[in-house]
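See structure below.
Quick note: numbers below take in every heavy atom, side chains included, and nothing from hydrogens, waters or symmetry partners.
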Amino acid sequence: GAGVSQSPSNKVTEKGKDVELRCDPISGHTALYWYRQSLGQGLEFLIYFQGNSAPDKSGLPSDRFSAERTGGSVSTLTIQRTQQEDSAVYLCASSLYRGLTEAFFGQGTRLTVV
Amino acid sequence: GENVEQHPSTLSVQEGDSAVIKCTYSDSASNYFPWYKQELGKGPQLIIDIRSNVGEKKDQRIAVTLNKTAKHFSLHITETQPEDSAVYFCAASIDSSYKLIFGSGTRLLVRP
């Protein structure tokens, strides 16, 4: 596709359930990021994938959060045993080369935990 | 850890006036500083960026300045228009991996 695609666009889940959020980056982009944006807040860094290097997981808030990137392309962010404080918009971005070129963002997945 | 601080959190200006948003960063090795604009319900979009080998860059009504010694950079918007109203984020690529870290955002309101 022409841009970064995220799915689903909206997700409502019950507290305690697991959720998977998907990100399709721009083809050929080696860097992929996940950020979390709570209502009216900034962009909280979660995880960063760069090529075949080990991902930088330093932003993940707890061990309930994990992410993988298969084949250097599609990425999945998984949240286990969701809590109400996990409610936020989860944004994915990709860039051609590390954090040194423009990052293109998807529209985000709005997660609501009830 | 490494972080990017952004001020002010909100800014209200009259149409036609200038707006300035400032950011500081802590990693002296940072060398790429983009600015993003986020409109309601959308993902952020790049509006201008600057690299550490220049001190200023301009694109029509938007300019960015960088002071590497002081580790701060600023966004300047001149002749503001109502459509400039949005949330603006600064960012810096940090540490040896050059991951992008964002400031906390500035909500700009341009009053007609």
Residue B:Gln38 versus chain A: region with a heavy atom under 4.5 Å: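 The side chain, not the backbone.
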Under 4.5 Å from any heavy atom of chain A - which part of B:Tyr36: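 Side chain of B:Tyr36 only, per the 4.5 Å heavy-atom cut-off to chain A.
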Report yes or no: do [X] and [Y] belong to one cluster of Ile/Leu/Val/Met/Phe/Trp/Tyr joined by side chain heavy-atom distances under 4.5 Å?
X	Y	result
B:Val64	B:Ile62	yes
A:Phe105	A:Leu111	no
A:Phe49	A:Leu60	yes
B:Ile48	B:Val20	no

Tell me, yes or no, whether the heavy-atom count around [X] atom [atom1], taken from other residues, nucleotides or ligands under 6.0 Å, exceeds 12.
X	atom1	answer
B:Asn53	CG	yes
A:Gln83	CD	yes
B:Glu15	CD	yes
B:Gln60	CD	no
A:Glu14	CD	no

Do you know which two heavy atoms are closest between B:Leu100 and A:Phe45, and how far apart they sit?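 Closest approach of B:Leu100 to A:Phe45, heavy atoms only: O-CD1, 4.4 Å.
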Considering non-hydrogen atoms only, spot the tightest contact between A:Tyr48 and B:Lys99 and give its length.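 Heavy atoms of A:Tyr48 and B:Lys99 come nearest at CD2-CB, 3.4 Å.
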[X] portion near chain B, given a 4.5 angstrom heavy-atom threshold:
X	answer
A:Gln37	side chain
A:Glu102	both
A:Phe104	neither
A:Leu43	both
A:Ser95	neither

From CZ (B:Phe102) to OH (A:Tyr33), nearest 0.5 Å: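 The distance works out to 8.0 Å.
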If I take atom CD1 from residue B:Ile101 and atom OH from residue A:Tyr35, how far apart are they, to the nearest 0.5 angstrom?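 These two atoms lie 6.0 Å from each other.
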Under a 4.5 Å cut-off applied to non-hydrogen side-chain atoms, are A:Leu91 and B:Pro44 in contact?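 Side chain of A:Leu91 against side chain of B:Pro44, heavy atoms only: contact under 4.5 Å found.
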Could you have a look at B:Lys42, B:Arg107, B:Arg51, B:Gln6 and say which one has the most heavy-atom pairs with chain A under 4.5 angstrom? B:Arg51
